[in-house]
Amino acid sequence: MFFSLTMKKWLLLLGMLATLHPMVQAQSGRGYWHQEWSTEQGDSIALVHILPVYVFSRPVDLRRYRRLVDAVKKVYPIAQIAKAKMADMEAELTRLPTKKEQREYIKTIYDQIKEEYTPVLKRMTRTQGRVLLKLIDRETEYTAYEVLREFRGGFVAGFWQGISKIFGQDLKSEYDREGEDRIIEQIVIYYEAGLL
């Protein structure tokens, strides 16, 4: 009697594990970067590259990190669009022969961007705005100040630099993927890989 009750428990446990196995496989990719297999002396060994887990000593640090992740998710597509528009603009500007045509083209593009993105930018938080400035520099290799100076002139760039300073931002801030922006860089890598 004792043996059959223990055996039933083990069979029930094995049955549960067998039904859970497909579910565990369906979730692959959520807790690790990627998985490789190697064979050593006839045994298959899984090499699993685990994503780093951040441990925060204070709840406020966790909230800041989550806010940064949300900001990157929201503004990274905008930075990608800015990169594409910059490439298109530079190609078109080299094609236009006169300065007058170039200025008219820049004004047209400026009006289109202003109309399309003003509502989006008005709803951004300060963190999202700061991350957007950093990601524009990351994607285009130009700071926001350099973009403004190039396409709108030095006076306009200086004006907006002054306004941004009032709100605690800096249009001249450069993206430092190895230094102060390494967490943003890591979040972007995870976002591009579809892990966020």
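Computed from heavy atoms alone, side chains included, the values below leave out hydrogens, waters and symmetry copies. Sequential numbering from 1 along the given sequence is applied to the chain's residues. These figures come from a predicted structure and were not determined experimentally.
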Of all residues at least two apart in sequence or in a different chain, which pass the side chain to side chain donor-acceptor pair (under 3.5 Å) check with Arg138? Glu185

Contact between Glu180 and Lys134 at the side-chain level, heavy atoms closer than 4.5 Å - yes or no? yes

Can you list every pair that meets salt bridge (charged side-chain N to carboxylate O under 4.0 Å, His left out) and has a residue in residues 57-72, with sequence neighbours left out? Arg58-Asp61, Asp61-Arg64

Could you give all pairs that pass the ring-ring contact (aromatic ring centres under 6.0 Å, His included) test and reach residues 67-94, with sequence neighbours left out? Tyr76-Tyr191

How long is the gap from OG1 on Thr108 to CD1 on Ile113, to the nearest 0.5 Å? 11.0 Å

In Å, rounded to the nearest 0.5 Å, how long is the span from CE of Met89 to CD1 of Ile106? 5.0 Å

Only one of Thr140, Ile136, Asp137, Leu133 passes side chain to side chain contact (heavy atoms under 4.5 Å, CB included) with Tyr175; say which it is. Asp137

Taking side chain to side chain contact (heavy atoms under 4.5 Å, CB included) as the test, write out the residues that go with Glu40, two or more places apart. Ser38, Ile45

Residue set satisfying side chain to side chain contact (heavy atoms under 4.5 Å, CB included) with Ile187, at least two apart, ordered chain then number -> Tyr65, Leu68, Val69, Val72, Ile183, Leu196

Is any side-chain heavy atom of Ile78 less than 4.5 Å from a side-chain heavy atom of Met124? yes

Residue pairs fulfilling salt bridge (charged side-chain N to carboxylate O under 4.0 Å, His left out) with at least one residue in residues 96-107, sequence neighbours excluded: Lys107-Asp111

Not counting sequence neighbours, list each pair that qualifies as a salt bridge (charged side-chain N to carboxylate O under 4.0 Å, His left out) and has a residue in residues 81-92. Lys83-Glu139, Glu92-Arg95

Could you grab the distance from atom CD1 of Ile184 to atom CZ of Arg130, nearest 0.5 Å is fine? 5.5 Å

Output for pair (Ile109 CD1, Met86 CE), nearest 0.5 Å, gives 12.0 Å

For Thr94, what residues pass the side chain to side chain contact (heavy atoms under 4.5 Å, CB included) criterion, not counting sequence neighbours? none

Who passes side chain to side chain donor-acceptor pair (under 3.5 Å) against Gln128, sequence neighbours left out? none

Residues forming a ring pair (Phe, Tyr, Trp, His ring centres under 6.0 Å) with Tyr145, sequence neighbours excluded: none

Considering non-hydrogen atoms only, spot the tightest contact between Leu135 and Val75 and give its length. CD1-CG2, 3.8 Å

